[in-house]
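In listed order, ligands and their atoms are each counted from 1.
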Amino acid sequence: MKKITVAKGDGIGPEIMDATLKIMMAAGAQLEIEEIKIGEKVYLAGNSSGIDQQAWQSIRNNKILLKAPITTPQGGGYKSLNVSIRKTLGLYANVRPCKSMFPYVSTKHPEMDLVIIRENEEDLYGGIEHQQTDEVVQCLKLISRPGCEQIIRYAFEYAKQYGRKKVTCFTKDNIMKQTDGLFHRVFNEIAQEYADIENQHLIVDIGAAKLANSPELFDVVVMPNLYGDILSDVAAEIAGSVGLAGSANIGATCAMFEAIHGSAPDIAGKNIANPSGLIQGAILMLNHIGQNEVAEKIQNAWLATIEEGIHTFDIYKAGFSTQKTGTAEFANAVIERLGKKPKLLPSVSYAKGITLKIPPYQRKLPAQKILVGIDAFVDFPDIEPNDLAIRLQKLNSAALELIMITNRGTKVWPNGFDETFCTDHWRCRFYAKASQSVQKSDILQLLQAAAEQGIDFIKMENLYTFNGIRGFSLGQGE
Ligand code: NAD
């Protein structure tokens with residue numbers, strides 16, 4: 001018997017959760033349910049994160065959360081509950097299988113059967129944003145080696161355990177050589193440990209185009225958070241409907257399972273919502289906790305129900321579907337077919353006891369980190385790059401000298417082009433003079449001089465080499 005935490009959520013949440021729980025119990029799932037209240041009512045009671053301490057404690061005790069969609073109230077100040085749960089509990093892997101059920105669910109891609117594995121905690125989702133000048137705002141994109149190793153290892157281990165043949169990685173490392181570059185490098189390193197699994201890397205733009213046009217070319221696809229967020233919805237939609245997909249959010253100790261759609265307030269309380277997305281989330285959960293036989297039984301009964309044309313309104317097609325059914329009746333139809341296999345769609349077989357074990361991150365020996373300069377970001381409206389350079393060169397010292405100014409990443413000094421549009425936000429690179437090493441005190445001295453000369457510096461970024469390798473990008477045109 002496994003104790004799990006269940007949140008029935010808002011809108012259609014209670015209806016689709018009741019349907020899902022009824023199917024699981026009828027299939028013989030060994031579950032003890034502990035229910036928590038999260039979402040709209042908790043937000044409106046004044047808790048800006050939509051979840052209280054008692055609910056957190058239940059999830060941390062049971063380690064498994066099956067969650068129906070929740071409604072985020074309109075208006076500012078409410079934090080995303082999903083993001084809070086993922087980040088607070090370290091749920092680093094978002095797993096979303098997207099499989100076509102052609103011809104029973106319309107899709108242009110009858111052969112599609114892929115799994116998107118999205119990094120769930122890092123990238124631009126740290127939400128570290130600042131306005132720096134009148135005209136410029138920034139969002140910090142953070143990618144860590146442990147974050148990359150965990151998610152990429154998870155993708156290969158998933159492929160190995162579920163008998164998948166290929167893992168594809170999408171990044172934009174032709175542009176973001178440090179952040180996406182690290183993700184790609186770690187992908188290449190870990191791929192070496194899985195000689196039996198084909199590996200492939202594509203730049204995300206062409207990768208996304210191929211995914212949308214020929215999804216049958218892909219098997220497991222692993223990517224950083226933002227690309228994964230967007231492309232996992234694209235993949236679910238072209239497989240048939242976002243309404244049919246479930247997802248798993250996996251961490252080292254806890255995991256959360258859900259449908260990918262929202263709380264659909266427009267159809268709440270009418271017993272017409274399709275519970276399939278949450279049923280798929282529950283199947284992922286049962287596999288995760290080792291109740292694979294029950295998962296297999298439900299999946300095959302669900303496939304049999306779908307292929308017999310028993311459809312909720314969202315996928316119902318007159319002349320093709322045989323019965324338009326409500327939420328509770330759809331659950332009963334699945335229950336009636338427990339123990340049966342689909343006749344036309346391929347049935348599934350989940351190997352007994354698949355649980356993915358990802359070894360904890362092993363910190364490497366620290367590299368030799370040498371300070372070689374500084375990027376000083378300054379706010380200057382209405383100034384020509386050459387005039388700015390003249391002002392900044394006054395800050396040159398025995399250790400540091402101005403070598404480059406860029407505007408939005410493009411070099412404008414020395415030898416800039418008049419055509420380059422400049423906003424009020426300048427990155428000014430001061431680099432170590434030949435054979436000099438830079439000390440923190442040299443930087444403090446430079447900043448002191450900048451302050452005295454009225455230079456409006458808004459941010460500093462130290463430039464380092466790591467074991468002699470440059471740890472920063474060059475300016476475009478440098
Ligand atoms: P939504 O997914 O709730 O609805 C989009 C459309 O799809 C609606 O027309 C809806 O009726 C339909 N739909 C969704 N699920 C369905 C189902 N199971 N069966 C049949 N039709 C279904 O997206 P939205 O309207 O953008 O968001 C509504 C609320 O849900 C918002 O408060 C949003 O913040 C929240 N939301 C929550 C989650 C989550 O908890 N994981 C995810 C997305 C959105």
I'd like the residue list for ligand 1, meaning every protein residue with a non-hydrogen atom under 4.0 Å from the ligand.
Ile12, Lys67, Pro69, Ile70, Thr71, Thr72, Asn82, Glu258, His261, Gly262, Ser263, Ala264, Pro265, Asp266, Ile267, Ala273, Asn274, Phe313, Asp314

Does a donor on one side chain sit under 3.5 Å from an acceptor on the other, for Ser144 and Glu122?
yes

Can you tell me if Asn61 and Lys3 form a side-chain donor-acceptor pair at under 3.5 Å?
no

Which pairs, with at least one residue in residues 15-29 and sequence neighbours excluded, count as a side chain to side chain donor-acceptor pair (under 3.5 Å)?
Lys8-Asp18, Lys22-Asn332

Looking at residues at least two apart in the chain, or sitting in another chain, which of them share a side chain to side chain donor-acceptor pair (under 3.5 Å) with Tyr464?
Asn462

Which pairs with one or both residues in residues 49-88 pass ring pair (Phe, Tyr, Trp, His ring centres under 6.0 Å), sequence neighbours excluded?
Tyr43-Tyr78

Quick one about Asp379 and Gln132 (side-chain donor to acceptor, distance below 3.5 Å, no hydrogens or angles considered), yes or no?
no

